[in-house]
> 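The structure's right below; bear with me while I get my questions together.
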Amino acid sequence: MKYNFAAIEKKWQNYWQEHKTYAAVTGSEKPKYYALIEFPYPSGEGLHVGHPRPYTALDIVARKRRMQGYNVLFPIGYDAFGLPTENYAIKNHMHPREVTKRNIARFSSQLHMLGFSFDWDRCVDTTDPKYYKWTQWIFLQMFQHGLAYKTKMPVNWCTSCKCVLANEEVVNGVCERCGSEVIRKEKSQWMLAITKYAQRLLDDLDDLDYIERVKTQQRNWIGRSTGAEVKFATTAGDEMVVFTTRPDTLFGATYMVMAPEHALVEKWADRLTNLDEVRAYQESAARKSDFERTELAKEKTGVELQGVRAVNPVTGAEIPIFLSDYVLASYGTGAIMAVPGHDQRDWDFAKAFGLPIVEVVAGGDITQEAFVAKDDSAKMVNSGFLDGMTVKDAIPTMIRWLEGKGLGKEMVNYKLRDWVFSRQRYWGEPIPLVYCEKCGWDPPPGDQLPLTLPDVESYEPTDDGESPLSKMTDWVNTTCPHCGGPAKRETDTMPQWAGSSWYFLRYMDPHNDEALVGKDAVNYWHQVDWYNGGMEHTTLHLLYSRFCHKFLYDIGVVPTKEPYAKRTSHGMILGEGGEKMSKSRGNVVNPNDIVAEFGADTLRLYIMFIGDFEKAAPWNATAVKGCKRFLDRVWNLAEKPAQGDAYTPANEKEIHRTIQKVGEDIENMKFNTAIAAMMSLVNRFYEHAPSRGDLKALLTLLSPFAPHICEELWQLQGLEGLCSQQPWPEFDPAKTVDSEKEIAVQVNGKLRSTVVVPMDAEDSAVVAAACADEKIARLMEGMTLVKTIVVKNKLVNLILKPAK
RNA sequence: GCCGGUGUGAUGGAAUUGGUAGACGUACCGCACUCAAAAUGCGGCGGAGUAAUCCGUGCCGGUUCGAGUCCGGCCACCGGCACCA
């Protein structure tokens, strides 16, 4: 009989679904294991061949854990709010809800087709009111705990999406999603105070089992720097507060710079003799997009605030104050002390504006460029009481001096900004707050959640920058829950990342209407044991969800500080030419086509065999055949019942080794070499006919990778139960070793021959065997053996010198 | 500019972490089966050389009995951050 993959795969998928073979059981006596993949955004295009890579990898892990006796939670769901769906709906005059429904149905059937062992009863959909009730609930909790606040601020505005973006969503000055220009716009926005968690998000990384590049990327994004806050007196009376990482260079501060948006400018407006010039500069800076600001980075621009001067607290000198957009309003205090001798940006500005440059750290040539010492052992000069000290000592000395005078203190700053949490679009969770002129912001009357998304006539984004919901006056106008007076609902919706910040908790208890997750469930499942996802989410979803989880920990909803114990990441599947797969390049491979031609098991196998799991790998249409051939060979070996449940002596050692190799490789995500090992075993079975016991071992090892064919062959062998429910096979280390070993013989470090010696042979015996070798004996003629190096069971190196 | 990563046959990639470079697969070549082709099975496959041998893991140098692996200096490509004081 031929290997009829289509029929076999259908048969077993139906069987698993009917029997709920992969259902997770909350409260089971077995040890629990929670394996998680990032739930997909159900786009209109359906799955492409990149999706199954992480899915298959963790499916393999989940299946192996089940065989190892764990109660496994391996769930799936849909992150379905978001712009692509909304844009599609607008274009095709459909309701986003309908588009979402259709896309989810398509994704579901494709995921079923690939035979993943998801617990489908736990499927979630972020756009389901029963789900987003709890997304809204979390937001309200944050609001009530002072972590959500509304403020008018310059935000990133995508000119095409007509929507605000988080910093994390702006890439090289353009919209991460559509690539359009992003400009700065003053808007009143809901914010989440993720910065309050910056230190914890940083510290707790240390104990997590995340791959290193994820940790460093998050650390860089959080961007902690230590230094001091310093107060400068001004001739206007107000203090100017700056942040600096180099308080040791205070003697070299020859001027001050404030961000163009700095609040003191307004306060000092009356005193400024060049107010028109200042206003003009402010306006030109405000008009610049982020992109332009960074583009023009080389040329420093600015304007002096004439009429007010600052006083350097250590030199007592009056120094000028400038506005310049190289100082960012959103970092530190929005103002700096400029030390042109030792900061290149300050140096550039000082040169452009003819300002004095003073050397306070010795070792460079400040007439040529700013001197930024590579280490902190450089010596202070022109710095009064710091003279002669190293930079290392001068920093704390200066901080203590400032503290003593009440002029400053030690200070920590982060690059991380608060999370802009409103979007002016329709297809998102409504923010459940109402505004009353008298009472301010409050949860809606009756505090009833979910606050469902009303149907509107048009989903089009508006040109005035307001959400489409703002046009729904019936819905917008409501009553104040405090005073009963007229109030208005918030019309912005939440960003895409809201629903995905906590979905892993919902999987633990997806049908609970009383709580976002029940105590029993969360105490049982605890946290995700292994989470795999894309690097592109490192500073977005992954950081947001850690923040969200820490907040839920603080209010007692979850028992762990961190959501994910382990985080790994997969490389992208590229098109045949090594370029990214995309519709416009026309190089997208549709998994349906591969499944139709070769079957799901072949696709799963190939996508895991394609290369190093962590690295990008180009798709190769002809190489898929190799995996199909392998399964054909397995089929031909095992389709007819074999005899004998013991391992065949000829195959035994190879089987034990393969069990060890496959088991270890799965744990280390080296799926490609695990498959190579099984291919080798099958090649051996073609030389030495396998017993039924040999085949059992092969089928159980292979079943996490290619579950359908293994289940079928298990049955054809007349074996009991399901292959996928067998215990994971054990290996005996003693049976993996050879009795004899071929070792390399080197002469003066070069490979010259090989000899076979008994395992663990004595060094002297190895040397003797080597010298007895014909080729070696020839090389030794007329030479003296001066030294031998023996590496047990590996090689022997003979050092020879010409005999004199 | 700063921080990561990568560089191995025609090709995707292996290499017990300093110990026989190229496992496994693809492509290609040969043989068997076939009228023939496909499929399948078996064998070959880094380069040069008839051979003995020599050369070979981006480039240059070093450490070592021994380097794809460690160190120093370059080059190329990929990713992240980027006027963060």
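Quick note: numbers below take in every heavy atom, side chains included, and nothing from hydrogens, waters or symmetry partners. Quantities reported herein were computed from a predicted structural model and do not represent experimental measurements. Chain A is the first sequence line, chain B the second, and so forth, proteins listed ahead of strands; every chain is numbered from 1.
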> Within 45 degrees of the ring normal and closer than 6.0 Å to the centroid, is that where the cationic atom of K300(A) sits relative to Y326(A)?
yes

> Taking the six-membered ring for Trp and the full ring for Phe, Tyr or His, determine whether the centres of Y606(A) and W619(A) are under 6.0 Å apart.
yes

> Determine whether the aromatic ring centres of F349(A) and F322(A) lie less than 6.0 Å apart.
yes

> Do K415(A) and C81(B) have a side chain to base donor-acceptor pair shorter than 3.5 Å?
no

> Are any protein N/O atoms closer than 3.5 Å to N/O atoms in nucleotides 23-27 of chain B? If there are, list each pair with its distance.
{"unit_1": "G25(B)", "atom_1": "OP1", "unit_2": "N683(A)", "atom_2": "ND2", "d": "3.3"}
{"unit_1": "U26(B)", "atom_1": "OP1", "unit_2": "R629(A)", "atom_2": "NH1", "d": "2.5"}
{"unit_1": "U26(B)", "atom_1": "O2'", "unit_2": "T622(A)", "atom_2": "OG1", "d": "3.3"}
{"unit_1": "A27(B)", "atom_1": "OP1", "unit_2": "K625(A)", "atom_2": "NZ", "d": "3.2"}

> Can you see whether Y414(A) engages Q199(A) through a side-chain donor-acceptor pair at a distance of less than 3.5 angstrom?
yes

> Taking atom CD of E774(A) as the centre, does the number of heavy atoms from other residues, nucleotides or ligands within less than 6.0 Å exceed 12?
no

> Send over the distance from D665(A) CG to A14(B) C1', rounded to a whole Å.
11 Å

> Looking for any heavy atom pair under 4.0 Å, which part of the strands does E742(A) touch: base, sugar-phosphate only, or nothing?
base

> Is it true that, when you exclude E597(A) itself, more than 12 heavy atoms of the residues, nucleotides or ligands shown sit nearer than 6.0 Å to its CD?
no

> For a quick test of reading the model, state the closest non-hydrogen atom pair linking D612(A) to R53(A) and the distance between them.
O-NH2, 3.0 Å

> What pairs of nitrogen or oxygen atoms, one from the protein and one from nucleotides 60-62 of chain B, lie under 3.5 Å apart?
none

> Rounded to the nearest Å, what distance is computed from the CG atom of residue N797(A) to the P atom of nucleotide U64(B)?
15 Å

> Please state how far atom CZ in R213(A) lies from atom P in C2(B), giving the value in whole angstrom units.
22 Å

> Ignoring hydrogens and angles, answer whether the base of G1(B) and the side-chain atoms of Q344(A) contain a donor-acceptor pair closer than 3.5 Å.
no

> Roughly how far, to the nearest 0.5 Å, is the OG atom of S330(A) from the CG atom of D418(A)?
11.0 Å

> When the P atoms of A14(B) and C35(B) are compared, how many Å lie between them, rounded to an integer?
44 Å

> In what stems does RNA chain B take part, counting only runs of at least 3 consecutive Watson-Crick or G-U pairs whose two distances fall under 3.5 Å?
B:1-7 with B:75-81, B:10-12 with B:24-26, B:28-32 with B:40-44, B:46-48 with B:53-55, B:58-62 with B:70-74

> For the pair E614(A) and R213(A), find out whether any cationic side-chain nitrogen is under 4.0 Å from an anionic carboxylate oxygen.
yes

> When you compare U53(B) with U16(B), how far apart are their P atoms, in angstrom units rounded to a whole number?
28 Å

> I'd like to know if K792(A) and D760(A) make a salt bridge, using a cut-off of under 4.0 Å between side-chain N and carboxylate O.
no

